[in-house]
Structures are given as structure tokens and as C-alpha cells.
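Model, not experiment: these values are computed from the prediction. Numbers here simply count residues along the sequence, with the first being 1.
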Amino acid sequence: MQRPIVALLYDFDKTLCTQDMQNYAFIPSLGMQPADFWREANTFGWQEHMDGILAYMYTMLRKSKEKGLSIRRENLVEMGRSIELFPGVREWFARINAFGESLGVEVEHYILSSGLREIIEGSGISHEFKKVYASEFYYDENGVPVWPKLDVNFTAKTQFVYRINKGVLDVSNDKDLNASMPDDSKRVPFTNMIYVGDGLSDVPCMKMMRSYGGQAIAVYQPESRSAVEELLYRGRVDFIFPADYREGTSLDTTVKNIIRKMAVTDVLAEEHARQCRQIGKGDLPYQASLFE
């Protein structure tokens, strides 16, 4: 019998790392302050009625050209090496995987980020994820970015939750994503998902988790605590914790407790289904909601 799968889905900026990923190396390479770059990118997007993610990607290319800087894929990957991750992030994945293994559960990790895939690849943790869904450039034969390949805006993130749910991970495969699929054939039930984010940009996914039986967690730095308290008060998340991924923290303990609960629920559901099959009745109609 295949082991149950629990999926942890993460935003990246201010969730796993301390600020927007472009702030560490890319924006300083332009001789700009982060606030000035983002103000210019956002103003351009508003003026042109453009998707905000496409606006910042275009601004990256335009400002690089203005400054006479060469921007290639390998440059962006190298810039990812300067990212500052929150305490415990590097050790988090192996520890949570081992905990799931001890319960007979397979834990998978996914990124759903409006930041750049190329920079994430240079962060040193990209290998921990089964799939990284992040904004990305298309490059010509010289490695020069010429077009947006993927734009992961805040509401588009929900598409990738469905992909994980169905096991249709290839972004070019819309046919299977949109095809009807029985709930018991879906690779990762929504009830086995945990979404970890930091703010309003994650609300569509957080709301999705809470609507479909998954769990939503907001992490924060001291200066952003009031914003996530509002998310908790408004019922948009289940829990809020400091962005500290070290063993023994409240975040670590709660995620383990959630996985433990999911593992027990899966075992009970499988036993229920087994008994139904044994008496020749098949799965009872109420099985899917038995443990909600």
C-alpha cells in the first residue's frame, strides 16, 4: 500500500528568507535602494494597468539595460547565494521528512512564489522541493532573458495547489489539470496540505486551504506581527508563529502535530474503507467527510 502523502506548500520571500529575494544582490547591483526599485516597478505597473509580477520582471530588464549591466540566467542564480534564510530553514526539511517517515507518511515540499525561480535555485535549498513554482524568464541561446516564461501572481498560485492535488505538476499540461478526476484518485488530498506564507499575497491559497480542510500558517518577523494577527482574527489562517524553523520552536511543534493528525486520519480512513470492502459494500458514501 502506498504511504499517505503530506504536502507542505511555501511562499518564499519573507516566509523562508528575510526579505524580497531581489533585495539581496540584484537591486544593489543597479545602485538602487530596494524601496526605490519597488516604487518604480509598482508605479509602472499601475500606469500601464499591468500585472504586478510582469511589471517588476520588465523593470528588472529595463533597469539592467539602462545601467549597462549584463543579466543572464547564471547571474541570477549566483545572486541567490546571498539570500539570508530564517533560522533553522536549512535543517527543517530533513527533520520534517524524518518525522513523517516515523509515522509512515511521505512528506513533500513545494514552493509557490512570485519571486524568481533562478534566484531560488541559487539559494542552496532548491533541491529540497519536489517542485518549485515561481516566476521565471525564458532565455535565448546565450542565456539572455527575452520573455516571461511563467508569471506566478497571487491568485495564480491557487492553480498550483490544484496541480499538486491532482499530481499534474507540468505547467504545460492543462488538459489533465482540467479533466474530471474522482476525489479518491487525487494524489494529495487538500486535507493533507499545509500552506506556509507571510501575508496578504498568500491569502488566496490560505483561504483555499481552510475551505478544503487543509491548514494555513502565517509566519512573521517582529515588525510584521500585527499584519498576521489580523489574518488570524479574520479567520484567514489557522496559526501564526515567528519565522523560526529550528527544532523545538512553536512552528516546529505545531507542524509536527498537524502531520501526526493527518497520519492518524489517513490510517482511520483506510481502515474504514477496508471494512467497507470486506463486507462487499464498497466505500460508504460518507467516507470522505468522516473525519472532517
Under 3.5 Å, is there a donor on one side chain and an acceptor on the other for [X] and [Y]?
| X | Y | value |
| --- | --- | --- |
| Tyr24 | Gln22 | no |
| Tyr220 | Arg225 | yes |
| Asn23 | Trp38 | yes |

So, do [X] and [Y] have ring centers that fall under 6.0 Å from each other?
| X | Y | result |
| --- | --- | --- |
| Phe44 | Tyr58 | yes |
| Trp92 | Tyr245 | yes |
| Tyr162 | Phe190 | yes |

Looking at [Y], is its backbone amide N or carbonyl O close enough to the side chain of [X] to form a donor-acceptor pair, meaning the two atoms are under 3.5 Å apart?
| X | Y | result |
| --- | --- | --- |
| Asp170 | Ser172 | yes |
| Ser211 | Lys207 | yes |
| Asp202 | Gly199 | yes |
| Ser135 | Ser114 | yes |
| Thr43 | Glu40 | no |
| Ser185 | Met181 | no |
| Asp140 | Val144 | yes |

Check ion pair [X]-[Y] (N to O, under 4.0 angstrom):
| X | Y | value |
| --- | --- | --- |
| Glu78 | Arg73 | no |
| Arg236 | Glu230 | no |
| Arg163 | Asp174 | yes |
| Arg210 | Asp238 | yes |

Are [X] and [Y] packed together at the side-chain level, in the sense that at least one heavy-atom pair is separated by less than 4.5 angstrom?
| X | Y | value |
| --- | --- | --- |
| Asp198 | Ser224 | no |
| Leu69 | Leu30 | yes |
| Tyr195 | Lys157 | yes |
| Ile96 | Ile259 | yes |

Note to self: Angle between ring planes, Phe137 versus Tyr139, binned at 30° and 60°: parallel, tilted or perpendicular?
What the structure shows: perpendicular
Note to self: Which label fits Phe93 and Tyr10: parallel for a plane angle under 30°, tilted from 30 to 60°, or perpendicular past 60°?
What the structure shows: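 Phe93 and Tyr10: perpendicular rings.
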Shortest non-hydrogen contact between [X] and [Y], atoms and distance:
| X | Y | result |
| --- | --- | --- |
| Pro87 | Ala243 | CD-O, 3.8 Å |
| Arg72 | Pro145 | CA-CD, 4.3 Å |
| Ile120 | Ala134 | CD1-CB, 3.9 Å |
| Thr191 | Met262 | O-CE, 3.2 Å |
| Thr158 | Thr155 | OG1-O, 2.7 Å |
| Lys130 | Leu169 | CE-CD1, 3.9 Å |

Next item on the list: With Lys256 as the cation and Phe99 as the aromatic partner, state whether NZ or CZ is under 6.0 Å from the six-membered ring centre and within 45° of the axis.
Entry: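 Here Lys256 passes the 6.0 Å and 45° test against Phe99.
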Next item on the list: State which residue, out of Met60, Glu66, Lys65, fulfils the side-chain contact (heavy atoms from CB on, under 4.5 Å) condition with Arg62.
Entry: Glu66
Check: For the atom pair CE (Met79) and CG (Asn75), what is the distance rounded to the nearest 0.5 Å?
Finding: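 It is 6.0 Å, given to the nearest 0.5 Å.
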